[in-house]
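Report on the structure given below.
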Amino acid sequence: MRRIMVCVKRVVDYNVRIRVKPDGTGVVLDGVKMSVNPFDEIALEEALRIKERGEADEVVAVSIGPDDAQQQLRTALAMGADRAILVKTTDVVEPLAAAQVFLTLVQKEQPQLVILGKQAIDDDAAQTGQMLAALWDRPQATFASKVELAGAAALVTREVDAGLETIEVDLPAVVTTDLRLNEPRYVKLPDIMKAKKKPLDVVELASTGVSAGETLKSVLVEPPKPRSKGVMVKDVAGLVDALKKKGLL
Amino acid sequence: MYEYRAPRRDIRFVLHEVLEVEKVLAAGGREDVNRELIDSILDEGARFAENVLSPLNWQGDWHGGPRLENGRVSTPPGFREAYRQFCTDGWAGMAADPAIGGQGLPDVAYIAVGEMLCASAMAWRMCSGLSEGAVLALSRHGSAELQARFLGRMVTGEWTGTMCLTEPHSGTDLGIMRTKAEPQADGSFRITGTKIYISWGEHDMADNIVHLVLAKLPDAPSGTRGISLFLVPKLLDGRPNGVSCASLEHKLGIHGSPTCVMNFEGAQGWLVGQPNGGLACMFTMMNHARLGVGLQGLGLSERALQASIAFAYERLQGRAPRGALERDKMADPIIVHPDVRRMILTQKAMTEGQRLLCFYAYLLIDVEQHAPDEGTRKRAAELVALLVPIVKSFLTDWAVENTALAVQVHGGAGYVRDTGVEQYYRDAKIACIYEGTNGIQALDLLGRKVLGTAGQSVKTMIDEIAALLKSDLPADFAPWAQRLQGLLAQWAELTKTVAERSAKDPEELAAAATDYLNFCGYVLVAWCWLRMARVAKRALEAGSGERAFYEGKLVAARFYFERVLPRADAHAAGARAGAAGIPMLQREQLEA
């Protein structure tokens with residue numbers, strides 16, 4: 001079976017105005033709207049289009065996170081994924097641990113293609129896809145703006161600083177998606193109703209043999225400093241003085 | 001120009017935290033509609049409303065609305081595409097029974113999306129809303145043959161539906177209508193007459209339009225007992241059927257919606273329901289149609305509230321009475337002014353309070369249809385009947401008030417077109433008029449629902465409210481609870497007084513009706529705020545991280561009890577004043 005695995009992360013919705021907790025330990029998540037990471041939505045859309053072109057047989061959406069992440073997987077199922085797997089944990093999962101968990105899923109599911117968002121909008125790490133490719137020892141095509149399958153290979157156009165670059169990777173491979181790859185579809189109401197009946201497996205993180213745990217220590221989370229009040233200077237000389245005092249000249 | 005943001009947080013608060021709809025629906029056998037599913041539906045409904053519909057709202061208004069050329073009506077740019085997406089994404093049949101191809105959403109889930117559709121583009125939404133009503137009428141009263149021929153494509157939205165009631169000389173008084181239906185040998189009828197104010201009577205968004213037309217049979221008794229309902233398609237097997245749009249109305253608001261004069265010239269139609277039973281058929285959709293208009297009011301109030309809040313925190317003008325708050329800026333944002341806060345809190349208190357009232361009424365329709373025991377179903381039906389005219393009238397009158405407040409908050413910027421706020425104000429007024437004017441709603445409430453049940457339905461409602469007052473309320477809510485207790489006593493007493501007077505003189509009923517309805521509205525919204533405040537208080541005590549959201553609820557609750565609820569007393573006084581104070585007048589007594 002030609003299978004595509006799509007990794008989906010539950011993140012704070014991009015419309016939410018983020019607030020920092022008063023004690024500086026993180027951002028406020030209580031009651032905040034959570035959604036599928038927008039880049040992952042693009043990854044899923046691409047997988048569905050490949051399947052709809054007849055170039056894949058099954059799309060499996062996977063996620064790592066708390067029980068509530070089932071909601072984002074249901075969204076993935078409503079969009080058109082055939083089934084979903086949640087690796088359940090309430091621990092912080094850093095990119096390396098996430099890649100290790102996805103590797104265990106890859107070994108079990110044997111996909112020809114793994115598609116992930118190039119980064120998640122919560123931590124903006126942009127590492128998981130690359131790490132997964134390295135651990136899996138398969139090619140990677142990151143920041144994709146176009147994906148074409150050609151037999152046992154994929155032609156992927158990437159957005160790089162100099163413009164666009166097209167590379168060919170052997171399958172199986174890892175692809176991470178950029179913003180301009182596609183525009184995710186609107187979900188149809190009947191598909192939302194049907195998504196409830198699609199299989200969604202939940203497994204505990206411990207069963208994958210990967211331990212999450214924080215290897216990075218978060219010291220303090222602070223909101224950006226509000227802009228301080230401006231100062232009026234009399235003339236150019238005054239401006240130069242002021243800049244010198246601030247050590248800017 | 002403001003874009004609409006669906007109030008998902010508040011809708012979830014009302015559905016899950018206050019009404020606990022998951023439990024109620026499960027008791028009626030709809031365990032499948034759990035919180036997770038409802039939230040998914042809200043998310044996708046919001047996405048469609050915000051991204052697809054909201055930008056159409058002002059376009060439909062500014063573009064000058066639909067145009068009539070050679071008998072064809074073209075809709076404003078983008079309307080057709082949005083409608084096509086609405087249908088292919090499966091929203092057109094969201095409320096309809098799965099047996100006829102619908103999605104079978106419970107009413108309470110359906111209207112959460114419905115509110116978003118009304119708020120994001122009311123004029124556009126009227127088309128599909130009317131179709132849903134036509135589907136409901138046809139699925140209850142249409143013959144199997146008619147259903148097989150028409151229902152399927154109406155549920156998918158390929159064909160839309162209308163309601164054709166009003167004639168040039170016959171509006172509220174339907175009994176004097178003239179449109180004729182002549183029986184044919186094949187069992188069908190030829191319909192001839194002119195209908196006016198037909199929303200979406202002709203348009204280019206669907207392949208066919210199925211008109212539900214009220215008309216009189218040749219031997220019909222006079223008055224409302226002589227009206228029958230007919231299904232009359234625009235096209236029959238793809239060919240014209242003697243149905244045409246003669247002209248479009250120019251109107252105050254909802255410019256995106258074509259309001260048509262429709263001519264039926266020997267058009268072929270079929271009877272729906274019993275001969276002379278047309279009004280009875282219309283009554284089955286009445287609850288939905290009238291609550292649906294209340295929902296339009298709610299949607300506009302919400303959109304206006306959002307605009308007011310956005311403007312009040314951005315617009316810099318004047319300084320706070322206790323001294324400047326933002327010294328480095330040329331002025332403070334206008335939210336520092338108590339009078340601006342008065343306007344915005346009035347909008348918030350009424351909009352959010354009325355949302356609970358409206359959603360509660362829709363939930364009762366689900367209970368009425370699906371509760372396992374008959375007692376619960378009957379009680380729900382009784383309350384729905386009572387609440388429908390109140391929701392229709394109170395929410396639409398307040399939509400005019402709320403949207404006017406939004407214009408006022410914006411000042412000159414609200415009166416000119418650029419912010420788009422004046423459109424909400426213009427759009428709101430029609431909701432007070434169609435689907436039975438608010439005056440008719442008041443007569444329906446007091447005559448049919450209150451006095452017609454010898455006060456029983458009011459008693460049931462009062463018992464429901466009293467149950468909350470007897471429950472475990474936070475100690476500092478005591479003044480609000482006492483106030484509400486007093487109003488309940490007043491409600492019972494007022495009902496008795498009006499009943500006694502009306503028994504002697506029908507003019508007394510009519511003279512008291514509108515004030516009576518408004519009194520009921522204010523009391524019910526007070527109950528809603530007490531319910532919401534209780535949930536908010538508990539959430540805060542439990543250490544919720546959403547402090548601002550729940551604190552905002554408590555501020556609005558207090559504002560409602562202190563500054564809005566006193567209007568209930570004014571209406572009670574009006575209802576009690578009696579008919580003598582509004583006597584029949586000579587014109588000269590009014591003219592200067």
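None of these values were measured; they are calculated from a predicted model. Order of the sequence lines sets the chain letters (A, B, ...), proteins ahead of strands, with each chain counted from 1.
Although no hydrogens or angles enter the test, the distance criterion places a donor-acceptor pair under 3.5 Å between the side chain of A:Glu94 and the main chain of A:Thr215. Looking only at distances, a side-chain donor or acceptor of A:Thr176 sits under 3.5 Å from a matching main-chain atom of A:Phe143. Put simply, the side chain of B:Ser120 gets close to the backbone of B:Leu117: a donor and an acceptor are under 3.5 Å apart. The main-chain N or O of B:Leu325 is found under 3.5 Å from a side-chain atom of B:Asp332 such that the two form a donor-acceptor pair.
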(request) Begin from the C-alpha positions of B:Arg9 and B:Glu17 and carry the test salt bridge (charged side-chain N to carboxylate O under 4.0 Å, His left out) through to its verdict. (result) CA-CA 11 Å; B:Arg9 180 65 190 94; B:Glu17 296 170 62; 2.9 Å; yes

(message) Apply salt bridge (charged side-chain N to carboxylate O under 4.0 Å, His left out) to residues A:Lys118 and A:Glu159 and explain how you reach the verdict.
(response) CA-CA 11 Å; A:Lys118 70 169 181 177; A:Glu159 297 192 355; over 6 Å; no

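Between chain A and the residues B:Val113, B:Thr88, B:Asp39, the largest count of heavy-atom pairs under 4.5 Å involves B:Thr88.
The contact between B:Ser40 and chain A is made by backbone and side chain atoms together, counting heavy-atom distances below 4.5 Å. Neither the backbone nor the side chain of B:Arg547 comes within less than 4.5 Å of any heavy atom of chain A. B:Glu546 touches chain A through backbone and side chain together, each having a heavy atom under 4.5 Å away.
Contacts between residues 28-52 of chain A and chain B, counted as heavy-atom pairs separated by less than 4.5 Å, involve A:Val28, A:Asp30, A:Gly31, A:Lys33, A:Glu41. For residues 64-80 of chain A, a heavy-atom distance under 4.5 Å to chain B picks out A:Gln70, A:Gln71, A:Arg74, given by residue number. For a heavy-atom cut-off of 4.5 Å, chain A lies close to B:Met94, B:Gln103, B:Leu105 in residues 92-112 of chain B. Residues of residues 190-207 of chain A that come closer than 4.5 Å to chain B, counting heavy atoms only, are A:Pro190, A:Ile192, A:Met193, A:Lys196, ordered by residue number.
Residues B:Arg303 and B:Glu3 form a side-chain contact, since some pair of their non-hydrogen atoms from C-beta on lies under 4.5 Å apart. Between B:Glu115 and B:Arg355, the closest side-chain pair of non-hydrogen atoms falls below 4.5 Å.
For A:Pro184 against B:Arg47, the heavy-atom pair with the smallest separation is O-NH2, 3.4 Å. Of all heavy-atom pairs between B:Tyr83 and B:Trp124, the closest is CA-CZ2, 3.5 Å. Minimum interatomic distance between A:Val12 and A:Ile121 (heavy atoms only, all atoms of both residues): O-CD1, 3.6 Å.
A salt bridge links B:Asp32 to B:Arg30: at least one charged side-chain nitrogen sits closer than 4.0 Å to a carboxylate oxygen.
B:Glu81 and B:Gln85 are not linked by any side-chain donor-acceptor pair at a separation below 3.5 angstrom, with hydrogens and angles left out of the test.
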